[in-house]
Amino acid sequence: MATSVSGEGQPSLNGIISEPQTKRLTDLPTELLEHILCFPVLKHVDICNVSCCCKRLHDVCHGRGKVWGHQYKLRWARLLLTHSQLSADDILLMHQISRSVAIFLLCAQIVNLAIFCVCVCAKDCALSKLTQRSVTQPCVGQVLGDSFAEIESLGMPEHFCEDELLFILNTDKRKSLTLKYYAKKILYFLRQQNILKRLKTFLEQPAEEQSALEGAVLVDQYCNPLADVTLSGISAQLDEIVEKVRKMLRIKNSSHPSLRVAQGDCFVVEDFELQRQVVCALNSVLYEQLQYKGNEFDYYNPLNSYIQQVLLRRTGIPISLSVLYMTLAGKLGVQLEPVNFPNHFLLRWCQKPRGSEDIYDFVYIDAFGKGKQLTAKECEYLIGHQVTADYYSAISTNEVLLRMVGNLLNIGKRGEGNEKSYQLLRDSLDLYLTINPDNVQHLLLQARLYFHLGIWPEKVLDILQHIQALDPSQHGAVGYLVQHTLEHIQHKKHPATPEVKKRSTPEHLEVQYSVGLIMKHKRSGYNCVIYGWDPKCTMSQEWITTMRVHQLSNGANQPFYNVLVQDGTCRYAAQENLEPHSAPLEIGHPEVGRYFSEFADTHYAANEELQTRYPEDMDETLGSVQELYHRLTPGTENQDQAPATDQNNHEAMPI
């Protein structure tokens, strides 16, 4: 058959010239297009743009729901756990309104915090409403509370708001700092509310169904709501330890009954010699092989009370190690009971037939002391004095949790009055009063704490009313707090206008530095960022004497600066002790987002609230940064710009 050649040099059969054909994206099969549009690099905005290109791509994006379903899984992973059946249009709607959640958090400035809550009903996916609320400025360390209590009543799926908050927190860490600051606080509050619900459900269970491990996990979760702590995760780690113990047992006694039981099955080893073999193997694995030990050198660190941290750090205090030890023994068929021994939590192991309450029929195990076995008399040597037989009795899971939370409460009381100690005090009080809601002394402590922090005055009044009903003899303390709380409520109705400080006023001319500058302390060497200043020291005479301010060359008669320090503290530093940092760096302080919106490589950009209080400082900060850059960089004397920045990676360009 003859073949002719076209003028374009293209061969054709039977003398017929064939036009070149161009493959288009839209010619690909639907399944392949869906696969391409599910690539991880594509975000929901990209899918919206693609769907607007032509009818073919619109049908691919919206037709079978696979593309938007993939975006749904990426954006609302937690929501997927409870709401898995949504159409493509439903998911698109959720992406559209997710921007409103960003607006709702963006409005969370320090004054007049406006919350726009976007609700989605997953069943019919109808956008319900936007709700606006105003709340007062939170103090340092305050986790926003009552102002968000109505979130649950708005009808949104439980995890929708949490997924949006996580999405915000996982974006560029140097930008939207104020947005992230409030997103983190709201997430903290929402998770704590859910954990409290689970704790109340747990406490309603029959005593025999309550697990000390589950209770310890709930305590850990409530005090660390932003951490990844789950009962399943903790249980999996314990199962790994159990397998190590079984491996040890297999060497000692290959016919041991605990080796024939499947993981997770409940059973009890009745023979005392077989029980002894389990306890010996457990001690060998836990204390010799895995090197668990009591934390004698940092006993009052709250991490010792959190079961997740005990597993990670392999150290703890008597009660946390006892919960771990008791749970492991139970999984291996040996029943141990918790003993609320004063100053040193213990476990007891019955050596007689069940039902005995004679304290001398038990061996007492000191999990803090590497599983040492003690007699009743030897237990008294631990604390240095005799105790009555009541202290050797077994206690309930509720009592175990009260002891555990009580330890955290005491650590909070011992704190230095900083944000962390106040937060620990608040969290442990919440837990304690959830377990024992009518404890008058702890209710009074909670009311005083809220009053001291200047938060939730209406809740303080409710607490005081409850105290008065429980114990009328507290009338004096209750009356004092009621009077001052009512004054606080009246004061909140007419809040004072924040003081505006302008550098150009005559009394501020000696102030050399401005908010947002990253500084170094000349004497202590710490790095910090300025978030406020006073033309003279405004602290009390007692503070001035304690801090030996009079030894400074200019004493208290010089500008002082409020600074956020790299170690997480807030300090008040004299001007003569500070100097601009020659190599500005990020300051890892939890309150940075309260004052600044962005880290701009060389300085922090003040947020709207801070700019209102210091309206002339940002220009001064930019000028100082530029001057420092010119001074440190040869050949830049005639340049007018600070270091250029790459908008994609936010790193300073090479100098």
*Asks:* Ignoring hydrogens and geometry, is there a side-chain-to-backbone donor-acceptor pair from H589 to T569 under 3.5 Å?
*Replies:* yes

*Asks:* State whether the number of non-hydrogen atoms from other residues, nucleotides or ligands found under 6.0 Å of E542 atom CD is greater than 12.
*Replies:* no

*Asks:* Could you report the tightest heavy-atom contact between C570 and Y531, atom names first, then the distance?
*Replies:* CB-OH, 4.1 Å

*Asks:* I'd like to know whether CD of Q465 has more than 12 heavy-atom contacts from other residues, nucleotides or ligands below 6.0 angstrom.
*Replies:* no

*Asks:* Enter the distance from L564:CG to F596:CZ here, rounded to the nearest 0.5 Å.
*Replies:* 6.5 Å

*Asks:* Between Y561 and W533, does the ring pair (Phe, Tyr, Trp, His ring centres under 6.0 Å) criterion hold? Intermediate values first, please.
*Replies:* CA-CA 4 Å; Y561 297 85; W533 49 258; 7.5 Å; no

*Asks:* Can any side-chain N or O of Y604 pair as donor or acceptor with the backbone N or O of I587 at less than 3.5 Å?
*Replies:* yes

*Asks:* Evaluate Y181 against E591 for side-chain hydrogen bond (donor to acceptor under 3.5 Å, both in side chains), listing each step before the verdict.
*Replies:* CA-CA 8 Å; Y181 175 79; E591 294 292 307; 2.8 Å; yes

*Asks:* Is a side-chain donor or acceptor of S320 paired with a backbone partner of N304 at a separation under 3.5 angstrom?
*Replies:* yes

*Asks:* I need the minimum non-hydrogen distance between C223 and L431, along with the two atoms involved.
*Replies:* SG-CD1, 3.9 Å

*Asks:* Tell me which donor-acceptor pairs under 3.5 Å the side chains of residues 383-390 have, and how far apart each pair is, sequence neighbours excluded?
*Replies:*
none

*Asks:* Can you tell me how far CG of L445 sits from CZ of R426, rounded to the nearest 0.5 angstrom?
*Replies:* 12.5 Å

*Asks:* Taking all non-hydrogen atoms of both residues, which atom of I168 and which atom of A183 are closest, and how far apart?
*Replies:* CG2-CB, 4.2 Å

*Asks:* Are K197 and E204 close enough for a salt bridge, meaning some N to O gap below 4.0 Å?
*Replies:* no

*Asks:* What residues, two or more places apart in sequence or in another chain, satisfy side-chain hydrogen bond (donor to acceptor under 3.5 Å, both in side chains) together with K536?
*Replies:* N557

*Asks:* For Y614 and G532, which heavy atoms make the closest approach, and how far apart are they?
*Replies:* OH-CA, 3.3 Å

*Asks:* Is any side-chain heavy atom of E609 closer than 4.5 Å to one of P498?
*Replies:* yes

*Asks:* Specify the closest pair of heavy atoms between P437 and H466, including all atoms of both residues, with the distance to one decimal.
*Replies:* O-NE2, 3.6 Å

*Asks:* With side chain to side chain contact (heavy atoms under 4.5 Å, CB included) as the criterion, how do I234 and I307 come out once you've worked through the C-alpha distance, each side chain's angles and the decisive distance to 0.1 Å?
*Replies:* CA-CA 8 Å; I234 299 293; I307 197 70; 4.2 Å; yes

*Asks:* Check whether K180 reaches the backbone of K173 with its side chain - one donor and one acceptor, N or O, closer than 3.5 Å.
*Replies:* no

*Asks:* Given D462 and E458, is the side chain to side chain contact (heavy atoms under 4.5 Å, CB included) satisfied, shown in steps?
*Replies:* CA-CA 7 Å; D462 291 339; E458 292 80 6; 5.5 Å; no

*Asks:* Return the CG to CD1 distance between L481 and I463, rounded to the nearest 0.5 Å.
*Replies:* 10.0 Å

*Asks:* Evaluate the ring planes of Y450 and W456, with Trp represented by its six-membered ring, and classify them as parallel (under 30°), tilted (30 to 60°) or perpendicular (over 60°).
*Replies:* perpendicular

*Asks:* Answer yes or no: is there a side-chain heavy-atom contact under 4.5 Å between S322 and L346?
*Replies:* no

*Asks:* Would you check if N224 and Q308 make a side-chain contact, meaning some heavy-atom pair closer than 4.5 Å?
*Replies:* no

*Asks:* Yes or no on side-chain hydrogen bond (donor to acceptor under 3.5 Å, both in side chains) for Q221 and R191, after CA distance, side-chain angles and deciding distance?
*Replies:* CA-CA 9 Å; Q221 289 175 329; R191 285 190 174 178; over 6 Å; no

*Asks:* Sequence neighbours excluded, which residues qualify as side-chain hydrogen bond (donor to acceptor under 3.5 Å, both in side chains) partners of T538?
*Replies:* D534, Y572

*Asks:* After noting the C-alpha distance and the side-chain angles of N607 and T178, does the key distance pass the side-chain hydrogen bond (donor to acceptor under 3.5 Å, both in side chains) rule?
*Replies:* CA-CA 7 Å; N607 61 20; T178 301; 3.1 Å; yes

*Asks:* Given 3.5 Å as the limit, does a donor-acceptor pair link the side chain of N439 with the main chain of H442, or not?
*Replies:* yes

*Asks:* Could you go through the side chain to side chain contact (heavy atoms under 4.5 Å, CB included) check for I455 and L449 one step at a time?
*Replies:* CA-CA 9 Å; I455 59 175; L449 177 63; over 6 Å; no

*Asks:* What do the steps show when you test S396 against N398 for side-chain hydrogen bond (donor to acceptor under 3.5 Å, both in side chains), and what is the final call?
*Replies:* CA-CA 5 Å; S396 67; N398 280 16; 5.4 Å; no

*Asks:* Please assess H488 against F451 for the test ring pair (Phe, Tyr, Trp, His ring centres under 6.0 Å), listing each intermediate value before the final yes or no.
*Replies:* CA-CA 9 Å; H488 181 206; F451 176 77; 7.3 Å; no

*Asks:* Are Y300 and I317 side-chain neighbours, meaning at least one heavy-atom pair lies under 4.5 Å?
*Replies:* no

*Asks:* Indicate yes or no: at least one non-hydrogen side-chain atom of V323 is less than 4.5 angstrom from one of V400.
*Replies:* yes

*Asks:* With a 6.0 Å cut-off (strictly less than), is the heavy-atom count around CG of D228, excluding the residue itself, greater than 12?
*Replies:* no

*Asks:* Looking at CD1 of I435 and CD of E399, how far apart are the two atoms once the value is rounded to the nearest 0.5 Å?
*Replies:* 11.0 Å

*Asks:* I'd like to know if the side chain of N170 and the backbone of L166 have a donor-acceptor N/O pair within less than 3.5 Å.
*Replies:* yes

*Asks:* Nearest 0.5 angstrom please: L470 CG to L444 CG, how far?
*Replies:* 11.5 Å

*Asks:* What's the separation between atom OH in Y391 and atom CG in N343, rounded to the nearest 0.5 Å?
*Replies:* 9.5 Å

*Asks:* Hydrogens and angles aside, do Y222 and D430 bring a side-chain donor and acceptor to less than 3.5 Å of each other?
*Replies:* yes

*Asks:* So do the side chains of T315 and L321 get within less than 4.5 Å of each other, counting heavy atoms only?
*Replies:* no

*Asks:* When you measure from the side chain of Q192 to the backbone of P225, do you find a donor-acceptor pair of N or O atoms at a distance under 3.5 Å?
*Replies:* no

*Asks:* Would you say that R313 contacts N295 through its side chain, given a criterion of any heavy-atom pair below 4.5 Å between the two side chains?
*Replies:* yes

*Asks:* Can any side-chain N or O of R348 pair as donor or acceptor with the backbone N or O of Y392 at less than 3.5 Å?
*Replies:* yes

*Asks:* Would you say Y480 has more than 12 foreign heavy atoms packed within less than 6.0 Å of its OH?
*Replies:* no

*Asks:* Do S211 side-chain atoms and E214 backbone N/O form a donor-acceptor pair below 3.5 Å?
*Replies:* yes

*Asks:* Side chain to side chain contact (heavy atoms under 4.5 Å, CB included) for F368 and H344? Distances and angles first, verdict last.
*Replies:* CA-CA 9 Å; F368 186 81; H344 201 103; 3.9 Å; yes

*Asks:* Taking atom types as modelled, find out whether Q423 and D427 have a side-chain donor-acceptor pair closer than 3.5 angstrom.
*Replies:* yes

*Asks:* Can you check whether D617 reaches K501 side chain to side chain, under 4.5 Å on heavy atoms?
*Replies:* no

*Asks:* If every non-hydrogen atom of P338 is compared with every non-hydrogen atom of L347, which pair is closest and at what distance?
*Replies:* CA-CD2, 3.9 Å

